[in-house]
Amino acid sequence: MIGTSIVQAKMLLEQAKVVAIPTETVYGLAGNALDKAAVAQIFHIKNRPFFDPLIVHTHSLAGIDELVQEFPVAARRLAEQTMPGAVTLLLPKRSHIPDLVTSGLPNVAVRIPNHPLTLALLSSLSFPLAAPSANPFGYISPTTAQHVADQLGDRLPYILDGGACSIGIESTIVGFPNQQATIYRMGGMTIELLEDLLQQKIVLAPQQSNSPQTAGQLDQHYSPTAPMLLGNIEQLINTHSDRQRIGVLSFQNPYLHLPNVVERFILSPDGDMIIAAQHLFAAMRYLDAQHLDLIIAEPLPEIGLGRAINDRLRRAAAKATHFPPL
Ligand code: TXA
Ligand code: MG
């Protein structure tokens, strides 16, 4: 059921049930982070492998203090400047957090989501919420309550509807190995802004596609069912002229008059990356529902939010390297 009752969501969560919740980035599949049965249920509903740890959501910095063993000065300053917001910090976990939540890793991922309904829900609860994105494992993340209902509606007692996500792309994950600010997943908070706040260069964690530190690093992720290619749209259309039903996912340009293009989605006619991020996952879902035999997308400029958007597009397109012949 979809609804807007915090009381209903709270009641179910207190019974160790799993409920979908809105955040400013994407919808989450939430359960009591301190209750192993609730956490196991999240993995089960999402069909998610246990090696892929969950982010723990709380409503305040004091809430984070209760989850972590230490909160280094640089991390705390960053948290003060960015939370609530689209950033997740990796910090040494306290022992009462079940190993299931962190997949046995020494750090816990913590975040304060910037959404009024979910902040109110979190403040009304006596426990934090573990929540991955509310999509079946490997598929496109949901940015509306309806997206969640479409795929997981029959497995969830309640979907808390907080409207369309204002950012539309997952949080940026930042860790501090050896005091070096390191990005494990690009996301809704830009590297440029984070470097500005931290007053230091941030490094990107090396991509480990087979044993990733975070599943967001898996080569293939965020994928539509239809094969998707990323690159120069006109060139790709020419090399795949055997495809009859092509969908085009472009940044600003409508790419009119191209052969075999039966659907198109323009992320932002004005070239605004904030708008593009808001529309990205809904666009991929829309195109994926049109029974296309190929989706062709183009990368955005590799700056600001464009980097996180390109990261998602690349992973969505990754399986098309072996996409089926007609
Ligand atoms: O914006 C977001 O972060 C959304 C909303 C719902 O908060 N959540 C989200 O969760 O994107 P999920 O599970 O889809 O992606 C979380 C990523 C995963 O790739 C996971 O591997 C990584 O965070 N992660 C979680 N805990 C970790 C830990 N202890 N160490 C390293 N990576 C971790
Ligand atoms: Mg996810």
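When a residue number appears, it is its place in the shown sequence, counting from 1. In each ligand, atom 1 is the first atom listed, and ligand 1 is the first ligand listed. Note that the coordinates shown come from a computational prediction; the quantities given were computed from them, not determined experimentally.
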Trainee: Looking at ligand 1, does any of its N/O atoms fall within less than 3.5 Å of an N/O of Ser171?
Mentor: yes
Trainee: Going by distance only, is there an N or O of Lys46 that falls short of 3.5 Å from an N or O of ligand 1?
Mentor: no
Trainee: Treating Asp99 as the side-chain partner and Ser103 as the backbone partner, does any N or O pair qualify as donor plus acceptor under 3.5 Å?
Mentor: no
Trainee: Would a distance-only check, ignoring hydrogens and angles, find a side-chain to backbone donor-acceptor pair under 3.5 Å from Tyr158 to Ser5?
Mentor: yes
Trainee: Do any heavy atoms of Lys93 fall under 4.0 Å from ligand 1?
Mentor: no
Trainee: Would you mind listing every ring pair (Phe, Tyr, Trp, His ring centres under 6.0 Å) that reaches into residues 15-45, with sequence neighbours excluded?
Mentor: Phe43-Phe50
Trainee: Check whether any N or O atom of Glu170, backbone or side chain, sits under 3.5 Å from an N or O atom of ligand 1, and answer yes or no.
Mentor: no
Trainee: Indicate yes or no for a side-chain donor-acceptor contact from Arg264 to the backbone of Pro254 under 3.5 Å, with no hydrogens or angles considered.
Mentor: yes
Trainee: Counting each atom of ligand 1 from 1 as listed, which ones have a heavy atom of Thr25 under 4.0 Å away?
Mentor: 1 (O), 2 (C), 4 (C), 5 (C)
Trainee: With respect to atom 29 (N) of ligand 1, which of Leu105, Asn107, Thr102 exhibits the smallest heavy-atom separation?
Mentor: Asn107
Trainee: For Ile173, counting its heavy atoms only, list the atoms of ligand 1 lying under 4.0 Å from any of them.
Mentor: 17 (C), 22 (C), 23 (O)
Trainee: Applying ring pair (Phe, Tyr, Trp, His ring centres under 6.0 Å) as the test, list every pair that has at least one member in residues 52-87; sequence neighbours left out.
Mentor: none
Trainee: Please answer whether the main-chain N or O of Leu125 pairs with a side-chain N or O of Lys10 as donor and acceptor at a distance below 3.5 Å.
Mentor: no
Trainee: So, Arg285 and Gln151: side-chain donor and acceptor under 3.5 Å apart, yes or no?
Mentor: yes
Trainee: With a 3.5 Å distance limit and no angle check, can you tell me whether Arg48 reaches the backbone of Pro53 through a side-chain donor-acceptor pair?
Mentor: yes
Trainee: Look at atom 26 (N) of ligand 1 and find which of Pro106, Ala30, Ala109 reaches it with the closest heavy atom.
Mentor: Ala109
Trainee: Counting only heavy atoms closer than 4.0 Å, does ligand 1 sit against the backbone of Arg48, its side chain, both, or neither?
Mentor: side chain
Trainee: Give a yes or no on whether the backbone of Leu61 and the side-chain of Arg76 come within a donor-acceptor separation of less than 3.5 Å.
Mentor: no
Trainee: As an exercise, identify every atom of ligand 1 less than 4.0 angstrom from a heavy atom of Pro132.
Mentor: 10 (O), 12 (P), 13 (O)
Trainee: Would you indicate which of Ile55, Asp52, Thr118 comes nearest to atom 20 (C) of ligand 1 when only heavy atoms are counted?
Mentor: Asp52
Trainee: Hey, is Val26 touching ligand 1 through its side chain, its backbone, both or neither, going by heavy atoms under 4.0 Å?
Mentor: both
Trainee: Is any N or O atom of Thr23, backbone or side chain, closer than 3.5 Å to an N or O atom of ligand 1?
Mentor: no
Trainee: Tell me whether Ser133 has at least one N, O or S atom under 2.8 Å from the Mg ion (ligand 2).
Mentor: yes
